[in-house]
Amino acid sequence: MTPSRTSSIIGRLSLLLLTCLSVVPLRAQYDIYVSVGQAGTLEQALSEISEDARYGTTSMKVIGSLNGTDMMFLRDMCGVRDLDTPTAGQLRLLDLSESTIEQSSDIYLSILGTPHTTTAQHFGSGFLYNCPMLEELILPIDIVTIDTMALAGCRHLRYVEIPAMVHTIGYAAFVGCDSLTSLEVPHSVTTIEEGAFQQMASLEELIIGNGVTTIDNSLVLGDNKLKSINLGDAFQTFNPVVFYTAPSLSDINISTGNPYYFSLDGVVFSEGGDTLVCYPPASELTDYVIPDSVTYLAPYSFCQASQLKSISFPLTVEHIDSLAFFGCRSLADVTLNEGLQHLSFGAFGMNLGTEGMLKSITLPSTVSRVDGGAFLFNRSLTTVSVEASNPYLTTDADGLLYDNEKATLLHVPCLAQPEDLPSSLRAIAPYAFAGNEAIPRIYLPDPVQSVGDGAFAFSKAFQITLGKGITSLGGRLTEGCHQLGELYLFTNSLSEEHTDASAFLDEEGGTSEHCTLFVLPGQTSVYMEKKGFVNSDTHQSYFAQIREMEALDHIADPTLGTKPVGEVGIGGRRVLPTERGIHIVTMPGGQSLKRFVHPAP
C-alpha cells in the first residue's frame with residue numbers, strides 16, 4: 001500500500017471518528033443526534049454527516065450553542081424560509097433540550113421589515129413561526145421566555161414541553177397551533193401575555209401552574225375545543241370573559257391551595273362563597289341550583305351557557321351583573337327571587353338574531369333597578385312583568401317597562417308594537433328600543449329630554465323623530481339601523497356638553513348612507529358642524545343629506561306604530577297611509593299642513 005493511499009485512509013478514518021463523536025444515536029427515535037461546537041455552525045455539522053441531512057431528516061436532537069444563523073437553518077429544515085416560503089424540509093421532531101440560545105447579531109427572520117436576532121435564554125419572537133412540518137418540540141431547558149409568536153402558525157405541532165425555568169409566555173406565542181390537544185404551563189411561569197393560546201383548534205386541556213396570578217381576556221379566543229382548565233394557587237384576578245369564548249369548556253378546576261377562589265362541580269366561586277364567578281359554558285348541569293351563600297352573580301358568570309335550561313335562585317341573591325345570562329339560548333325557566341335588587345346591562349340578553357327559549361320573566365317586588373339593555377336583543381322574551389307590590393317599576397299593556405312614575409322607559413320588547421308613549425316620559429334608557437323589529441316609526445314626544453347610549457341600535461325603524469325637549473344624546477344611538485331613512489329633529493336645545501361625539505356614528509362610519517336628517521328652519525349649517533352629527537376627523541356629516549322642515553315645530557300625530565293619519569291626496573288620487581309602498585308623516589305649519597311622502601322599506 002502506498003504511503004499516499006495509507007495517508008488517505010487514515011484521514012477518512014479520522015473524519016469518521018470525528019463524525020461518530022458528534023453523532024451518537026442515543027435515542028432510536030432520532031434520525032440524527034448532532035453536537036454543535038460553536039454557535040452558527042449547525043449547517044456545517046449536518047453537512048459533514050450527510051448531504052441529505054438538510055431536507056432528509058425527520059427527527060433530530062441538537063446539543064450546543066445556537067444563534068440566529070442556526071435558527072434560520074432550523075426553520076429551513078422544518079419546511080419554511082422567511083415568513084412563508086415553502087422548502088423541502090421534513091423535520092418533524094426537534095429536541096433542543098440540551099441546546100442554549102446565545103446573544104448574537106445574526107438575523108433569523110424579518111417581520112414587516114424588522115430584523116430579529118437572538119437574545120440569550122430567549123426562545124425568540126417568531127423563532128419557529130409558521131413551520132408546517134414541525135410536530136414535536138422539546139425546548140431548551142435554560143430558556144426563561146417564550147417570546148411573541150415564537151411558535152405561532154405551527155399547525156401540525158402536537159406536542160411541546162415548556163421548561164421549568166420559563167417565567168414569561170409572550171403575546172400570541174402559540175396562536176394557530178391547531179394540533180395541540182393539551183398544554184401544561186409550569187409553576188415557574190408568572191406572566192402569560194395577551195392571546196398566548198388563541199385559535200388553537202384542537203386544544204382540550206389547559207393546565208396553568210401556581211405562578212400565574214392573572215390571565216388576559218383574549219387568552220383562548222378563537223376556535224378551540226377546550227374542555228377543562230386548571231388554575232393554580234396564586235391565581236387571583238378572574239374574568240370569565242376568558243372562558244365564555246370556549247364553547248366546549250365544561251370544567252374549571254381551582255387548586256385547593258388557592259386563597260381567592262374555589263370550584264364546585266366545575267363552577268367557580270369567590271373564597272367566601274358569596275360570589276358566583278363562572279359557570280362553564282358547556283357544563284352538563286342543565287338544571288342548576290345556585291347555592292344559598294351566593295349574593296352576587298358576577299359579570300358574564302353564566303354567559304353562553306348553551307345547555308343551561310333552568311336556574312333556581314336562593315333568597316340571598318341581590319345583584320345579577322352585566323351579561324350574566326347573555327346568550328343562554330336553552331334557558332327557558334327563570335324564577336327570580338324576592339330579595340333581588342338589581343339587574344345590570346345584558347343580564348338576560350341574547351346575541352342579535354339568536355332565538356332563545358325564555359318567553360317570560362317576572363320581576364319581584366324587591367327589584368329597584370333595571371339597567372337599560374338588561375334584556376338586550378332577547379327576541380323570544382315577549383313578556384316582562386312586574387309584581388304588583390313592586391314600588392319601583394311598572395309595565396304597560398304593550399309590555400314596555402318603566403320606572404314607577406313612567407318617567408324613564410327601560411325596555412321595549414323586540415316584537416312589541418306600541419302606538420303611544422306616556423306624556424310623563426322624560427328619559428329613554430340606554431338600549432331601550434335596541435333590536436326592536438316591529439316599530440316602523442319611533443316618535444319621542446316633546447317632554448322627553450334625554451336619550452341613552454344605543455337607544456335605537458339595530459332596530460328596524462325606518463323613521464325616528466326626536467321632540468322639542470331633547471337636551472342630551474348618548475353614543476351610537478342608531479348603530480346597525482340599516483333601514484333608517486329619516487331622522488326628524490325638533491330640538492334646538494342640544495348642547496355640545498351633553499351630546500356624545502359618537503351619537504350617530506355606527507360601525508360603517510355613519511348612521512346610514514340613505515338617511516336624511518330633517519332639522520328646524522335655519523339649522524342646516526348648525527348641524528353640518530355639530531358634535532355627534534359630524535365626523536370630527538373628516539368633518540363629513542353622518543347623514544346622506546340635511547333638510548329643513550319649513551316652519552314646523554311638532555308632529556301632528558305622535559304615534560309609534562302604524563296608526564293611520566287619514567286619507568291624503570297624492571298624484572291626483574286619494575290613498576291611505578297603510579297602502580303598500582307608501583308612508584306618510586303629516587305635520588302642521590301655521591294654518592296649513594305640510595306633508596312628506598316617501599316609500600316605505
Side-chain angles (χ1 to χ4, degrees), residues 334 336 340 342-350 352 356 358-365 367-467 469-470 472-474 477-478 481 484 555 557-563:
V334 173
L336 299 175
L340 181 66
H342 183 189
L343 293 182
S344 291
F345 168 80
F348 289 94
M350 289 293 292
L352 186 66
L358 188 62
K359 307 297 183 184
S360 64
I361 195 167
T362 300
L363 304 179
S365 64
V367 174
S368 59
R369 178 177 172 185
V370 176
D371 292 349
F375 310 106
L376 184 71
F377 303 147
N378 199 330
R379 188 178 186 275
S380 63
L381 185 62
T382 55
T383 304
V384 176
S385 57
V386 179
E387 290 283 359
S389 57
N390 187 305
Y392 313 104
L393 305 169
T394 189
T395 56
D396 64 14
D398 295 305
L400 277 63
L401 179 66
Y402 303 86
D403 68 337
N404 67 321
E405 297 179 349
K406 290 191 175 181
T408 301
L409 175 60
L410 300 170
H411 172 65
V412 179
C414 289
L415 300 180
Q417 193 178 22
E419 291 187 346
D420 301 294
L421 293 176
S423 59
S424 58
L425 194 62
R426 298 294 182 271
I428 307 299
Y431 305 98
F433 288 89
N436 182 275
E437 303 175 16
I439 307 176
R441 295 183 291 158
I442 297 175
Y443 171 82
L444 302 187
D446 288 346
V448 175
Q449 299 170 4
S450 66
V451 183
D453 294 343
F456 314 111
F458 295 93
S459 70
K460 293 187 177 180
F462 56 83
Q463 181 195 83
I464 296 175
T465 299
L466 306 181
I470 297 292
S472 173
L473 293 177
L477 297 175
T478 54
C481 294
L484 186 62
I555 283 189
D557 186 14
T559 62
L560 287 168
T562 56
K563 183 178 176 181

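Predicted model, so just to flag it, every value in this text is computed and none were measured.
Annotation: the span from L352 atom CG to F377 atom CZ amounts to 5.0 Å, rounded to 0.5 Å. Atom-to-atom distance recorded for K460:NZ and E437:CD is 4.5 Å, nearest 0.5 angstrom. One finds the CD1 atom of I470 at 11.0 Å from the OG1 atom of T465 (value rounded to the nearest 0.5 Å). Rounding to the nearest 0.5 angstrom, the gap separating the OH atom in Y402 from the OG1 atom in T395 is 9.5 Å. One finds the OH atom of Y443 at 10.0 Å from the CG atom of L466 (value rounded to the nearest 0.5 Å). Annotation: the span from K406 atom NZ to S423 atom OG amounts to 10.0 Å, rounded to 0.5 Å.
The backbone N or O of D398 lies less than 3.5 Å from a partner atom in the side chain of D396, making a donor-acceptor pair. The backbone N or O of P364 sits less than 3.5 Å from a side-chain atom of N390, completing a donor-acceptor pair. Looking at R369, its side chain never comes within 3.5 Å of a backbone N or O of V367 through a donor-acceptor pair. With hydrogens and angles disregarded, a donor-acceptor distance shorter than 3.5 Å links the side chain of N404 to the backbone of P391. Under the 3.5 Å distance criterion, the side-chain polar atoms of D403 are left unmatched by any main-chain donor or acceptor of Y392. Between the S424 side chain and the A407 main chain, no donor and acceptor come within less than 3.5 Å of each other.
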### Pair H411-V384, side chain to side chain contact (heavy atoms under 4.5 Å, CB included): steps then yes or no
CA-CA 9 Å; H411 172 65; V384 176; 4.0 Å; yes
### Task
Would you please test I464 and L477 for side chain to side chain contact (heavy atoms under 4.5 Å, CB included) and show each step?
CA-CA 11 Å; I464 296 175; L477 297 175; over 6 Å; no
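Shortest non-hydrogen contact noted between L409 and L425 is N-CD1, 3.4 Å. In terms of heavy atoms, S459 sits closest to F433 at CB-O, 3.8 Å. The minimum heavy-atom distance linking E387 with T362 is given by the pair OE2-CG2, 3.9 Å. Summarising the geometry of A438 relative to A416, their closest heavy-atom pair is CB-O, 3.4 Å, with the distance given to 0.1 Å. Closest non-hydrogen pair, G454 versus A434, comes out as O-CB, 3.9 Å. Considering every non-hydrogen atom in both S365 and S389, the closest pair reads CB-OG, 3.2 Å.
At least one side-chain heavy atom of I439 sits under 4.5 Å from a side-chain heavy atom of P418. Side-chain contact between S450 and R426: absent, with no pair of heavy atoms (C-beta onward) separated by less than 4.5 Å. A heavy-atom distance below 4.5 Å is found between the side chains of R379 and L415. The shortest distance between side-chain heavy atoms of F345 and D453 does not fall below 4.5 Å.
Checking L400, I442, L421, L401 one by one against V412, the side chain to side chain contact (heavy atoms under 4.5 Å, CB included) holds for a single residue, L400.
By the 30° and 60° cut-offs, the orientation of the rings of F348 relative to F375 is parallel.
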